[in-house]
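One-based numbering along the sequence shown.
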Amino acid sequence: MPQHVPAPVKGDTAGSAEPGAPPGRPPGATPGAASLGLPDALRPWTVLTWLPLLLAAGLWTASLPYIGFRSMGEYGLLDRLPVVYYLSLSVLTAGFLVSLRRAGTAPWWPALYCAGLLMALKGVPAVLYDSERYPWASKHDAVINHLLANGELRPNEGLSGNMSAYDQWPGFFTLNGGLVRAFGADSAATYLNWAPVVLGLLMMPVLVLIYRTFSEDRRLVWTAVWIFQLANWVGQDYLAPQGLAFLLHLAVFAVVVRHFVRPGSAGRLRSRAWLDPAAAAVPPPTGTRQRAVCVVVLVPLIAAVNAVHQLTPVMLCVTLLALNLTRRYRNPGLLAVAGLLMLAWDLTMGRPLFSETLGTLRDSLGELTRNSRAGYAGQLTGAGPELAGRANVLMVLAVAVLAGAALLLRRRLVHSALPLLLASAAPVPLFVVNDYGGEMLFRVYLFALPGAAFFAAAALVPAAGGTGAHRVPPAVRKICAVALPVSLVALLAGFMPSYYGKEQMNYTPPAETALVTRTIDRAPEGALILATTGSFPQALHRYDRLEHWFFAEQELPENVEMLKDPAGYLSTRLPPGTTAYVILTRTQEIYTAGEGLLPPGGFAALTRDLTASPLFHVVERTRHGVVLRYDSP
């Protein structure tokens, strides 16, 4: 009697059987494996799934004592990471590729590999550093400490260094203040370096939820998550409002694409005969009453986005506007609610900065070249920063080329995933509006990345199970079998200089932090703190008691003029009766050189001229920096 072979479970076509395996043979099985009595965990393909993960973890852990982060040179961490560390990444990538073969029946394996990649790439500073990564992140710690010490924030006060913006969007700092108190930590600095890992782990299930809305192929889904992590070099996931707001933004988007489908809008997208074999059917439609209930459910989440960050609500509104261009997600009520919540916050708590921003729009509107530049000067100098800049560009181009290939080659998948494509393109027009302090380029890239990663993965992972016109030619499968590992290795190679090439300006020795803290603690209330840039540790410690002027954060030609007579330049611009402290540290020297704020040798010349001037008196000098005091005549 012929035996019945079960049909594959819907959604498990990817990875449900190995290429060339006889029907009915489970993945990972080999002829004779069952007859030998081997347990599942010891079967060859199963071993090849879990063994690389353990081996990579061991190699990564073994590499940690040999990472010379305290002696970084111009290439940052790149030449301070031992060969064993890079070997661990290679083994992890190989293991992930093997795990994809079982993604349909054992999706927890690619999930574990993605979590391992996140830890391997961004966990080094969290485990090793004895100070905060990103010196400018210390200002967020300062706001949290201020909130804990005073029990309130004062959004209507004009605080020095644009710190009033944080008081006007206090949600992130209130949350962290609660965490510090709940866990009995000294400050948020205790866990600051773990933020990229924690936020990345929280983001993974949200991304999977979004990707599963548009694809049933779990190989494609997990490859998209992997590419997202490799392409997320932009550094917006540290302990800052943007990282949390971006997570909330993705959560809102996930709910919308799954629960806001209008009845009768899917058309032939509900037909498996028309869909790409990897595409998921459109989620079930919801009636007006159900969508109204979902709007009510989303209101607290959208309100939280508005309480945390000033730019993300704009990104959310333009994303919802883009979704309204489709019949599937034409929900003007939700867009109106999101817009009204944003305006309500901007006109109340955020009114001071909102009014200031409106006043600057006339100068920035339509300035595409200026709005799309990175940072203040936009001219990286030095071997490491220049390498990082080139790697950044190549990474953007690589993801764009892969995503573009999917748009051309998998049009049926693109059509069914059109909402994700529109959501990725929606932030781009913001280049027309404002430069966001030299950050708009990075923010647009960040918000476009989830969709770009999905389509990049679609170009590398061919559909499984297609028949007739949907059948993928064997030649295409062979090309993808080579293109997938090559592309993942290339993206990994691009991530390292993009993320760690400028690491010399991101790590600060604790002794430098102590020097700055001593200086600011001794400064009398109302004194002025001067520095070339705010990118040094504890730059805004006691920000509510002191004034600040980061005098080199301007265009390079003005800084060149300033270097002709630094003492005269500063003294003539200080108000009469001012007591000022000039803090010049090694971190500032690295940052101003790497970001092109000062010409080569400019920081040393500045330090030498101010130290020699009779207008400035040395208060303290160490190998990590010098502190000068200026007393107005």
Just how far is it from atom [atom1] of [X] to atom [atom2] of [Y], taken to the nearest 0.5 Å?
| X | Y | atom1 | atom2 | result |
| --- | --- | --- | --- | --- |
| M72 | N506 | CE | CG | 7.5 Å |
| R522 | T517 | CZ | OG1 | 11.0 Å |
| Q538 | S131 | CD | OG | 10.5 Å |
| L239 | L244 | CG | CG | 9.5 Å |
| T592 | F536 | OG1 | CZ | 12.0 Å |
| I529 | I583 | CD1 | CD1 | 5.0 Å |

Applying side-chain contact (heavy atoms from CB on, under 4.5 Å), can you list everything that pairs with [X], at least two apart in sequence or on another chain?
| X | result |
| --- | --- |
| P170 | L153, T174, W345, M349 |
| L55 | L59, V91 |
| A231 | V399, Y445, L449 |
| A423 | F253, T319 |

Which atom of [X] lies closest to which atom of [Y], heavy atoms considered:
| X | Y | value |
| --- | --- | --- |
| A251 | L301 | CB-CD2, 4.0 Å |
| L201 | L118 | N-CD2, 3.3 Å |
| P537 | V516 | O-CG1, 3.3 Å |
| V221 | S215 | CG2-O, 4.0 Å |
| C114 | V225 | SG-CG1, 3.9 Å |
| I144 | A188 | CD1-CB, 3.6 Å |

Using the salt bridge (charged side-chain N to carboxylate O under 4.0 Å, His left out) criterion, which residues pair with R518? Sequence neighbours excluded.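 With neighbours one apart ignored, the set is E620.
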Check for me whether the distance between the ring centres of H309 and F172 falls short of 6.0 Å. no
How are the rings of F173 and Y166 set relative to one another: parallel (under 30°), tilted (30 to 60°) or perpendicular (over 60°)? perpendicular
Fit a plane to each ring of F246 and F228, take the angle between them on a 0 to 90° scale, and name the class: parallel (under 30°), tilted (30 to 60°) or perpendicular (over 60°). parallel
Taking side chain as C-beta onward, heavy atoms only, is [X] less than 4.5 Å from [Y]?
| X | Y | result |
| --- | --- | --- |
| V461 | C480 | no |
| T93 | W226 | yes |
| P241 | H140 | yes |
| L540 | V143 | no |
| L207 | F454 | no |
| P497 | W233 | no |
| V124 | I67 | yes |
| R443 | L430 | no |

Under 3.5 Å, side-chain donor or acceptor atoms of residues 385-393 against the rest of the protein: list the pairs with distances, not counting sequence neighbours.
| unit_1 | atom_1 | unit_2 | atom_2 | d |
| --- | --- | --- | --- | --- |
| N392 | ND2 | A388 | O | 3.0 |
| N392 | ND2 | S498 | OG | 3.1 |

Side chain to side chain donor-acceptor pair (under 3.5 Å): which pairs involve residues 393-402, sequence neighbours left out?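 Of all non-adjacent pairs touching residues 393-402, none passes side chain to side chain donor-acceptor pair (under 3.5 Å).
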Tell me which pairs pass side chain to side chain donor-acceptor pair (under 3.5 Å) where either residue lies in residues 188-202, with sequence neighbours left out. N176-Y191
Backbone N/O of [Y] and side chain of [X]: donor-acceptor pair under 3.5 Å:
| X | Y | value |
| --- | --- | --- |
| W169 | N306 | yes |
| Q242 | Q236 | no |
| W60 | A120 | yes |
| Y113 | L53 | yes |
| T223 | R219 | yes |

Under the ring-ring contact (aromatic ring centres under 6.0 Å, His included) rule, what pairs show up with a residue in residues 482-518, not counting sequence neighbours?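 Non-adjacent pairs meeting ring-ring contact (aromatic ring centres under 6.0 Å, His included): F69-Y507, Y129-Y507, F495-Y499.
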Is there any salt bridge (charged side-chain N to carboxylate O under 4.0 Å, His left out) pair reaching into [range], and which pairs are they, with sequence neighbours excluded?
| range | result |
| --- | --- |
| residues 178-201 | none |
| residues 118-138 | R70-D130, K122-D237, R133-E503 |
| residues 190-207 | none |

For a side chain to side chain contact (heavy atoms under 4.5 Å, CB included) check, start with the C-alpha distance between R545 and H146, then their side-chain angles and the critical distance, and finish with the verdict. CA-CA 10 Å; R545 305 290 181 182; H146 168 65; over 6 Å; no
Say whether H541 and D141, considering side chains only, have a donor N or O and an acceptor N or O under 3.5 Å apart.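 No, no side-chain donor-acceptor contact under 3.5 Å.
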The test is side chain to side chain contact (heavy atoms under 4.5 Å, CB included); show your working for W222 and L100 and say whether it passes. CA-CA 8 Å; W222 286 111; L100 287 180; 4.2 Å; yes
Let's go through N145 and Y543 carefully: what are the C-alpha distance in whole Å and the side-chain angles of both, what is the deciding distance for side chain to side chain contact (heavy atoms under 4.5 Å, CB included) to 0.1 Å, and is it a yes or a no? CA-CA 11 Å; N145 291 338; Y543 70 93; over 6 Å; no
Walk me through it: do H624 and T508 pass the test side chain to side chain contact (heavy atoms under 4.5 Å, CB included)? CA-CA 10 Å; H624 298 288; T508 303; over 6 Å; no
